[in-house]
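Because the structure is a prediction, the values reported are computed rather than measured.
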Amino acid sequence: MSTDTDTVKPRRSPDKKAAAKKTAATKKAPANAGAGRKKAAARSKPVAQQVAARCEVLIIGAGFAGLGAAIRLRQQGIEDVIILERAGEVGGTWRDNTYPGAACDIPSNLYSFSFAQNPDWSRSFSGGPEILKYVHYLTDTYHLRPLIRFHENVASLSYDETRGVWRAVTGDKIFEGRSVIMAQGPLSNASLPDMPGIQTYQGHKIHSAMWDHDYDFTDKRVAVIGTGASGIQIIPELVKKAGFVKVFQRTPGWVLPRPDFQTPAWNRGLFRRFPASQDAMRKALFMFHESMALGIIWNSPLTRLIERIGKAHLRLQVKDRWLRRQLTPDFRIGCKRVLMSSDYYPALQKDNCKLITWPIARLSEKGIRTVEGIEHQFDCIVFATGFDVSHSGTPFPVSGIDGRQLNDEWSRGAQAYKSINVSGYPNLFMTFGPNSGPGHNSALVYMESQIDYAVRGIQALRDGNLKALNVKPDVQVAHNQAIQKRLAKTNWNSGCKSWYLTEDGFNATMYPGFATQFAKQMADLDLNDYELITAD
Ligand code: N01
């Protein structure tokens with residue numbers, strides 16, 4: 001057995017722990033929470049660091065959202081932009097998730113920016129490396145590198161209301177911006193589960209989002225914990241190499257076939273010569289995914305039809321009745337993220353693969369002990385167990401007017417106005433903010449409309465010579481009441497457990513509607529919804 005040292009450590013932020021305690025109290029999220037503000041303000045008081053740079057717009061994160069925001073800002077003539085990136089390269093999710101088999105489960109023609117389409121996608125569903133190449137293409141084509149400060153990990157963000165300026169504190173520097181676009185991504189913090197014995201295990205540990213490319217899986221005894229979107233992509237690759245793979249499944253998910261094929265050369269030529277043809281393809285894909293919302297988001301006859309397709313896919317690929325039973329989901333399709341794979345079920349049936357459905361009791365020195373008392377011994381455990389999602393907290397302390405802390409206000413579930421602004425935090429724009437998650441369509445479509453909204457807001461500050469735009473609290477409350485009312489009728493809130501929900505079931509993640517509705521809501525920046533604070 002390998003005795004390599006750990007590659008990742010269990011992570012659970014103290015903020016999140018505190019938030020979890022508070023969430024137990026109630027299911028209803030408050031508009032504002034004042035308690036603890038003074039203490040929190042003191043905590044976040046800037047230390048005596050030097051201001052490294054000032055700019056009009058600070059962007060946090062150089063993934064798809066941050067880079068897209070910088071492109072759109074510049075296209076509107078807003079050039080004074082700094083992007084703070086904690087790593088040494090661009091790419092966010094696609095830089096970090098390099099596990100074997102990483103790919104997107106949304107067609108590439110839709111999983112790209114409408115203003116920077118790529119006619120050369122090699123496959124219908126491109127792999128991680130090709131998506132990362134596209135991110136690099138965006139960075140270089142739009143000359144974004146000079147804007148990026150690499151290795152600047154934002155530790156806190158605070159608003160100086162006297163000056164109307166946001167201060168981002170990184171290790172030993174301060175960056176100031178009149179506006180901030182938070183684009184750090186909702187799934188950027190890999191976390192190992194809080195499993196008993198996780199520190200005891202002496203073998204190799206790898207998290208899906210922090211892959212160890214130096215580890216040789218050849219002939220190794222490998223466990224994969226987790227059968228979500230990451231797990232089902234990793235398993236078919238591991239069974240090709242490892243001695244054996246045991247898959248620890250807690251909840252079987254709905255799996256639909258993934259029609260992945262190589263793009264024919266004529267098709268790429270057509271897209272290059274006639275960009276309108278690619279536009280038309282993108283629109284067709286968009287409308288197809290929109291129609292899926294009727295079955296994925298809401299419970300309808302289409303839900304049953306999609307479930308039938310899922311069951312037929314399972315029946316076609318798995319002949320063993322007992323295995324089929326173990327893989328049959330017991331929740332409504334759409335409640336958790338729908339999985340797309342044509343090679344996951346076949347991989348599970350390879351001679352060197354075994355599905356384990358007994359719950360895990362604990363990790364031991366040599367492997368995993370399941371509740372019926374068996375110890376499974378492994379050289380390596382792969383954790384495809386998901387991320388530390390901040391739906392009831394913020395990735396770093398954010399303090400607004402009067403030192404109010406976003407973490408406190410969100411302790412019972414995050415909420416914002418149109419997913420992008422929060423009252424008391426002027427000129428702060430979020431991408432993938434509360435209730436902007438798509439369940440059926442491309443995340444980039446949602447992201448683009450958020451970016452354009454932020455750009456319009458920043459443009460309004462300029463045009464009106466304003467110091468700040470602060471969304472009115474009552475507008476935010478009314479918006480969220482409507483969102484939660486609509487969410488109550490969706491499949492996400494139909495009773496299963498997923499990363500979309502807080503521990504007490506509050507849905508701070510998903511948008512309860514079509515992507516078209518989301519884009520429509522974001523197309524309209526109504527200044528009446530905001531307190532306009534004029535420049536002195
Ligand atoms: O994480 P997940 P993921 N003991 O949270 C199990 C995006 N993504 O990394 O279902 C045992 O979905 C957990 O079990 P259960 C996409 O948005 C996109 O796979 O909670 N098992 C589950 O099976 C996705 O939704 C692509 O019962 C434990 C799994 O681990 C998001 O990333 C590709 C456990 C976690 O599944 C996250 O996906 C990949 C425990 N203690 C990811 N803790 C695309 O293709 C957790 N599990 C675009």
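The main-chain N or O of Phe506 is found under 3.5 Å from a side-chain atom of Thr502 such that the two form a donor-acceptor pair. At distances below 3.5 Å, at least one donor-acceptor pair connects side-chain atoms of Arg268 with backbone N or O atoms of Thr263. Between the side chain of Asp160 and the main chain of Val165, no donor-acceptor pair closer than 3.5 Å is present. With hydrogens and angles disregarded, no donor-acceptor distance shorter than 3.5 Å links the side chain of Gln76 to the backbone of Ile78. Although no hydrogens or angles enter the test, the distance criterion places no donor-acceptor pair under 3.5 Å between the side chain of Thr141 and the main chain of Leu138. Within the 3.5 Å criterion, the main-chain N or O of Ser126 finds a donor-acceptor partner in the side chain of Ser108. Listed for the Asn507 side chain is no donor-acceptor partner under 3.5 Å among the backbone atoms of Leu501.
Within the model, atoms CG of Leu73 and CD of Glu56 stand 8.0 Å from one another, a figure rounded to the nearest 0.5 Å. Atoms CE and NZ, on Met522 and Lys418 in that order, are 7.0 Å from each other to the nearest 0.5 Å. Once rounded to the nearest 0.5 Å, the distance linking OH of Tyr111 with OH of Tyr134 reads 10.5 Å. Between Thr509 atom OG1 and Trp492 atom CH2 the span is 10.0 Å, to the nearest 0.5 Å. For the atom pair CD of Glu176 and CZ of Arg54, the computed distance is 4.5 Å after rounding to the nearest 0.5 Å. Separation of atoms CD1 (Ile306) and CG (Leu256) is listed at 7.5 Å; rounding is to 0.5 Å.
Side chains of Phe383 and Ile206 form no contact here, defined as non-hydrogen atoms less than 4.5 Å apart. Residues Tyr99 and Ser230 are in side-chain contact: their nearest non-hydrogen atoms beyond the backbone lie under 4.5 Å apart. Ser179 places none of its side-chain heavy atoms less than 4.5 Å from the side chain of Leu428. No side-chain heavy atom of Val455 sits under 4.5 Å from any side-chain heavy atom of Phe429. Between Pro512 and Thr490 the shortest side-chain heavy-atom distance falls below 4.5 Å. Val57 is not listed as a side-chain neighbour of Val180, based on a closest heavy-atom distance of 4.5 Å or more. Looking only at side-chain heavy atoms (C-beta outward), Met430 and Pro434 come within less than 4.5 Å of each other. By the 4.5 Å heavy-atom criterion applied to side chains, Asn153 and Thr170 are not counted as neighbours.
Of all the heavy atoms in Ala515 and Asn441, the pair that sits closest is CB-ND2, 3.9 Å. In terms of heavy-atom proximity, Thr431 sits nearest to Ala65 at OG1-CB, 3.5 Å. In plain terms, the two heavy atoms of Ala70 and Leu144 that are nearest each other are CB-CD2, 4.0 Å. What you find for Gln521 and His479 is that their closest heavy atoms are OE1-CE1, 3.5 Å. Nearest approach of Val422 to Ala416, heavy atoms of both residues: CG2-CB, 3.8 Å. Contact record, Pro193 with Thr385: CD-OG1, 3.3 Å, taken as the closest heavy-atom pair.
Side-chain contact check for His289 and Ser442: no donor-acceptor pair (N or O, by modelled atom type) lies under 3.5 Å. A donor-acceptor pair shorter than 3.5 Å cannot be found between the side chains of Asn435 and Gln415. There is a side-chain donor-acceptor pair under 3.5 Å between Tyr530 and Asn421. Checked by atom type, the side-chain pair Asp172/Gln50 shows no donor-acceptor distance below 3.5 Å.
Partners of Tyr425 according to the side chain to side chain donor-acceptor pair (under 3.5 Å) rule, which considers only residues two or more places apart in sequence or in another chain, are Glu409. Shown here are the side chain to side chain contact (heavy atoms under 4.5 Å, CB included) partners of Arg337, two or more places apart in sequence or in another chain: Asp105, Ala229, Tyr500. With sequence neighbours excluded, no residue forms a disulfide bond (SG atoms under 2.5 Å apart) with Cys104. The salt bridge (charged side-chain N to carboxylate O under 4.0 Å, His left out) test applied to Glu161 returns no partner, not counting sequence neighbours. Legend: residues meeting side chain to side chain donor-acceptor pair (under 3.5 Å) with Ser122, ordered by chain and number and at least two apart, are Glu130. Annotation: side chain to side chain donor-acceptor pair (under 3.5 Å) contacts of Gln450 (sequence neighbours excluded): Ser419, Ser436. Listed by chain and number, the residues in a salt bridge (charged side-chain N to carboxylate O under 4.0 Å, His left out) with Lys467 are Asp536 (sequence neighbours excluded). Remark: Trp211 pairs with no residue by the side chain to side chain donor-acceptor pair (under 3.5 Å) rule, at least two apart or across chains. Listed by chain and number, the residues in a side chain to side chain contact (heavy atoms under 4.5 Å, CB included) with Ser124 are Asp260, Phe261 (sequence neighbours excluded). By the salt bridge (charged side-chain N to carboxylate O under 4.0 Å, His left out) test, Glu79 is found to be paired with Arg74, residues two or more places apart in sequence or in another chain being considered.
With respect to Lys472 and Asp529, no salt bridge is recorded, no charged nitrogen being found less than 4.0 Å from a carboxylate O. Electrostatic pairing of Lys173 and Glu152 counts as a salt bridge here, judged by a charged N lying under 4.0 Å from a carboxylate O. Salt-bridge formation is not detected for the pair Arg95/Glu89: no Lys NZ or Arg NE/NH1/NH2 atom is positioned less than 4.0 Å from an Asp or Glu carboxylate oxygen. Salt bridge present: Lys241 and Asp216 bring a charged side-chain N and a carboxylate O closer than 4.0 Å. Note on Arg272 versus Asp120: salt bridge recorded, some NZ/NE/NH1/NH2 to OD/OE distance being below 4.0 Å.
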Subject >> Steps toward ring pair (Phe, Tyr, Trp, His ring centres under 6.0 Å) verdict (Trp298, Phe514) >> reply: CA-CA 11 Å; Trp298 300 283; Phe514 293 99; 5.3 Å; yes
**OP:** Any chance you could lay out the side chain to side chain donor-acceptor pair (under 3.5 Å) test for Gln278 and Asn109, step after step, and finish with the verdict?
**Re:** CA-CA 8 Å; Gln278 188 167 16; Asn109 275 317; 2.7 Å; yes
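More than 12 non-hydrogen atoms from other residues, nucleotides or ligands lie less than 6.0 angstrom from CZ of Phe115. By the neighbour-count criterion of 12 heavy atoms within 6.0 Å, atom CZ of Phe274 is sparsely surrounded, having that number or fewer from other residues, nucleotides or ligands.
A perpendicular orientation is assigned to the rings of Tyr511 and Phe518, their planes being inclined by more than 60° (bins at 30° and 60°).
Within the structure, no pair that satisfies the salt bridge (charged side-chain N to carboxylate O under 4.0 Å, His left out) test touches residues 283-293, not counting sequence neighbours. For residues 440-455, the set of pairs meeting the salt bridge (charged side-chain N to carboxylate O under 4.0 Å, His left out) definition, not counting sequence neighbours, comprises Arg72-Asp452, Arg282-Glu448.
With ring centers used as reference points, Phe113 lies under 6.0 Å from Phe64. Ring to ring, Phe217 and Tyr215 are close: their centroids are under 6.0 angstrom apart.
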